[in-house]
Student: 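Provided herewith is a single structure, encoded as structure tokens, for subsequent inquiry.
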2 protein chains.
Amino acid sequence: MSVTGHTSSGGRTESPQGQQKAASIRDVAQAAGVSYQTVSRVINGHPNVKEETRKRVQEAIDTLGFRRNATAFALASGVTRSISVLTSNTVLYGYAATLQGLEEASRAAGYALGVRVLTPEDDLDRAVAAAADTAGGIVVIGFDQLGAEALSRVPANVPCAAVVEAPPRGHKPDRPAVWADDREAARAATEHLLALGHKTVHYVAIPASTGTRRSAGPRAEGWRQALKTAGVTPPAPSGKGWDAQAGYEAGKKLARNPDVTAILCGNDDLALGVLRVLHHAGRRVPEDVSVIGFDDAPHSEFVTPSLTTVRMDFQGLGRAAFGLLRAQIDTDLPASAPAPADPALVLRESSGVREA
Amino acid sequence: MSVTGHTSSGGRTESPQGQQKAASIRDVAQAAGVSYQTVSRVINGHPNVKEETRKRVQEAIDTLGFRRNATAFALASGVTRSISVLTSNTVLYGYAATLQGLEEASRAAGYALGVRVLTPEDDLDRAVAAAADTAGGIVVIGFDQLGAEALSRVPANVPCAAVVEAPPRGHKPDRPAVWADDREAARAATEHLLALGHKTVHYVAIPASTGTRRSAGPRAEGWRQALKTAGVTPPAPSGKGWDAQAGYEAGKKLARNPDVTAILCGNDDLALGVLRVLHHAGRRVPEDVSVIGFDDAPHSEFVTPSLTTVRMDFQGLGRAAFGLLRAQIDTDLPASAPAPADPALVLRESSGVREA
DNA sequence: GCCCACGTTGTGACCGCTCACAATCCTCGC
DNA sequence: GCGAGGATTGTGAGCGGTCACAACGTGGGC
């Protein structure tokens, strides 16, 4: 198999004169025989402009192909109509879907959207600052430690919203934020497994946004709480990452243990890895072991066995976060923040009655 | 299952005075007892500044927490150090991974990155224009018709690069672009299936970036060519979308036909759907039918049966596209465009020798 | 017939920074 | 001891828009 990986430099028709720079407001003014201020009025739809004048200016705008310079507008008016998203990932389903919601909402509102990925090597203050002075506001995706940390570094005077893990009971984040009730969802999923006859439920954790303990985070809490309520001592959670490989690794030990009949996973990728290792270990799903994931990634419905999981409205969270941010920027707006859908347990093939 | 979906408005400590606006270059100048131009020299690392002066200015910068206003800089210098990505999707693996490569490269180069999703309802010219005057250059992800169309609308005077499907043999795109040799990869995959003893190979297509025919696009071409070379008449391709659901739909007919023993899919999501429908039809993979996907999405290794697929270096394509764009903006740069890795067939469980 | 209010338009200053150029200061060589 | 020339610094103008305000009409009310 070969590759061309070819590169072609486009045939620019770059005349020696270079491309004439874009028409400015003053060019238009001259062409229309008015002052630049009048042009400004026209492009901003100011009421007090004589209809005939407006028409003349509009024609000049059209023939010159004038477009208002966004940079100059931003400088002069102080309005930026753009937001910047800070996230540690853009590919994992939860992040990607949240980003999608954010993009959709911002586009609908006429805002440009910037993306800045955070890495462990980053100087977070610098990253936040860079985002802040590029855009009119910041949205932080704080599902993980990196995001949460970045969020805490956002200067108080920059408009900011976040989508985060559900905060500990009774706590409220110090910045506007949206979240779904993962805790309750995890509890419901766990209770479902218990109701299916499983004596206990094991948990393969996603990294928590706060601290490094596997037992931290709302999903783990919900799971633990359900077990406790049922009078079961929660087994130690496992897991050390977000992807299927991490699920595979964490699942090795569980797969070997015949007492393990039910596994809740912090996300669907993890669950996929668990499913895989169970398959390798010769344990059938759901006959021998039930597996439940989290997030309802697009492919979860199509793997075999199809994955029972908790559907999360990440797009909705993204949209809501944008609403929260916009409310700070366009104070005096209808502040419409459509509520995200509730998490919902989706029953599929990977979970079933305990047979033993 | 309930949801809190809670919203908390952060406790802004907004004194009646409001936050004093950020320090400007002149504030710093005054504090340091120099002219604003000297401050400008310091922040731009201009050589001819007396060491002692530089130090004094730097101190003023630090104590005032000065940060150069990006908007003003852009306006005055005409340099934007930001790029904008136009894409019809951000979640599908190929797109998301390309975007990831783009983000990574732009961040490394100190460029901010904007994302603008294209929809069928969009006024493409408007969308392109908006992207163009927000950023210093545009990268178009042209895997599909929407992207390809947008690319063709980019005005000649705006710096632009694209990552596209491999263009027809002998053709070169009229804009700088990168692509992988999907055609060759598809051919290799098809030949592999043929070599496994399959009499023919069916194809479930992804939408082509040009035209609407399922038989268009490099992947389809490579597949068809391999069959023809082997003296086999290519069966009609199926497929009408990008996702697993589309694969499932397209696979229904194939699953019913006992003569179908090998299926090549335009991407891994499609393949997942095909796998699923084959499972429902009681046909074993790879014993009864071999399936090969395209792209090597992260989960393809972990589904059961694991998916034989063609690994694509989308991140590399993204990085290369950024390099191409940057070369137009920072003319006079080392123009380092690291070549993307070649597509590579990854053999896994879903393909095997024909047993019949 | 006059004044005032309002609709319409133009002027100046400024957003925060850069550029080009002029002005000043030193230092060196003879 | 003096002029040349480079190092260092300051000034003016401008990027392409916006804002505030002044300057025009023009019509209606008295």
Side-chain angles (χ1 to χ4, degrees), chain A residues 18-58 60-61 64-82 112 129-130 132-136, chain B residues 18-58 60-61 64-82 129-130 132-136 157:
Chain A
Q19 56 259 34
Q20 69 274 7
K21 24 191 287 183
S24 82
I25 194 184
R26 316 204 188 227
D27 297 326
V28 174
Q30 180 167 18
V34 297
S35 76
Y36 54 82
Q37 179 58 28
T38 298
V39 176
S40 173
R41 290 193 179 95
V42 170
I43 63 183
N44 290 310
H46 188 95
N48 288 346
V49 177
K50 204 199 285 180
E51 188 48 38
E52 185 227 314
T53 310
R54 176 189 311 284
K55 189 155 157 281
R56 197 146 37 91
V57 170
Q58 191 57 53
I61 288 178
L64 288 167
F66 168 83
R67 311 204 73 238
R68 174 225 259 145
N69 180 313
T71 305
F73 172 82
L75 178 59
S77 69
V79 174
T80 301
R81 286 192 92 74
S82 81
D133 52 37
T134 293
Chain B
Q19 55 262 30
Q20 69 274 6
K21 24 192 286 186
S24 82
I25 196 183
R26 316 205 187 227
D27 297 326
V28 175
Q30 180 166 17
V34 297
S35 75
Y36 55 81
Q37 179 57 27
T38 298
V39 176
S40 174
R41 291 193 179 96
V42 170
I43 63 183
N44 290 309
H46 187 96
N48 288 345
V49 177
K50 205 199 286 180
E51 188 49 39
E52 184 227 314
T53 310
R54 177 190 310 283
K55 189 155 155 277
R56 198 145 37 91
V57 171
Q58 190 57 54
I61 287 177
L64 269 69
F66 167 84
R67 310 203 75 239
R68 174 226 258 147
N69 180 313
T71 305
F73 171 83
L75 179 58
S77 69
V79 174
T80 302
R81 286 193 91 73
S82 81
D133 53 36
T134 293
N157 62 345

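The structure displayed is predicted, hence computed values, not measured ones. Per chain, numbering begins at 1; letters A, B, ... match sequence-line order.
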Student: Considering non-hydrogen atoms only, spot the tightest contact between B/I43 and B/F66 and give its length.
Tutor: CG2-CE2, 3.9 Å

Student: For B/Q30, I'd like to know if atom CD has over 12 heavy atoms of other residues, nucleotides or ligands within 6.0 Å.
Tutor: no

Student: Let me check the geometry of the helix from C/dG1-D/dC30 to C/dC30-D/dG1. What is the bend angle between the axes at its two ends, five pairs each, to 10°?
Tutor: 50°

Student: Grab the CG-P distance between B/L75 and D/dG17 for me, whole Å please.
Tutor: 9 Å

Student: Base, sugar-phosphate or nothing for A/T53? Non-hydrogen atoms, less than 4.0 Å.
Tutor: sugar-phosphate

Student: Using whole Å, what does the distance between atom C1' of nucleotide C/dG12 and atom CD1 of A/I25 come to?
Tutor: 15 Å

Student: Specify the separation, in whole Å, of atom CZ of A/F73 and atom P of C/dG16.
Tutor: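 My rounded result for the distance is 16 Å.
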
Student: When the nearest nucleotide of DNA chain D is assigned to B/A76 and to B/R56 on a heavy-atom basis, which residue is associated with the more 5' position?
Tutor: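 It is B/R56 whose nearest nucleotide is closer to the 5' end.
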
Student: Can you measure B/N69 atom CG to C/dC14 atom P for me and round it to whole angstrom units?
Tutor: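 So the two atoms are 18 Å apart, to the nearest Å.
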
Student: Does any N or O in the side chain of A/T80 come within less than 3.5 Å of the main-chain N or O of A/S82, such that one atom is a donor and the other an acceptor?
Tutor: no

Student: Less than 4.0 Å between a side-chain N and a carboxylate O, is that true for B/E51 and B/R54?
Tutor: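 B/E51 and B/R54: salt-bridged.
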
Student: When the distance from CD of B/E52 to P of C/dC26 is rounded to whole Å, what number comes out?
Tutor: 12 Å

Student: How long is the span from the CD1 atom in B/I61 to the CZ atom in B/R56, to the nearest 0.5 Å?
Tutor: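 Going from the CD1 atom of B/I61 to the CZ atom of B/R56 covers 12.5 Å.
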
Student: Spell out, as yes or no, whether a donor-acceptor pair under 3.5 Å connects the side chain of A/T38 to the backbone of A/V34.
Tutor: no

Student: Listed by chain and number, what are the side chain to side chain donor-acceptor pair (under 3.5 Å) partners of B/Q58, not counting sequence neighbours?
Tutor: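 Per chain and number, B/Q58 pairs via side chain to side chain donor-acceptor pair (under 3.5 Å) with B/D62.
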
Student: Is there a side-chain contact between A/V28 and A/Y36 in this structure, where contact means two heavy atoms from C-beta onward sitting under 4.5 Å apart?
Tutor: no

Student: Below 4.0 angstrom, which residues in residues 27-35 of chain B have at least one non-hydrogen atom near DNA chain C?
Tutor: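 Close to the strand, none.
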
Student: When we call it a touch if two heavy atoms are under 4.0 Å apart, what does A/R26 touch: a base, just sugar-phosphate, or nothing?
Tutor: base

Student: Going by heavy atoms closer than 4.0 Å, what residues in residues 37-50 of chain B are next to DNA chain D?
Tutor: B/Q37, B/T38, B/R41, B/N48, B/V49, B/K50

Student: So what does A/R67 hit on the nucleic acid, given a heavy-atom distance under 4.0 Å: a base, only sugar-phosphate, or nothing?
Tutor: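 Sugar-phosphate only.
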
Student: Check salt bridge (charged side-chain N to carboxylate O under 4.0 Å, His left out) between A/D27 and all other residues, then give those that pass, not counting sequence neighbours.
Tutor: none

Student: Quick one: does A/T53's side chain have a donor or acceptor within less than 3.5 Å of a partner on A/V49's backbone?
Tutor: no

Student: Considering residues at least two apart in sequence or located in another chain, which fulfil the side chain to side chain donor-acceptor pair (under 3.5 Å) criterion with B/S40?
Tutor: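 With neighbours one apart ignored, the set is B/N44.
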
Student: Roughly, in whole Å, what's the span from CG in B/L64 to P in C/dG16?
Tutor: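 Those two atoms, CG and P, are 14 Å apart.
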
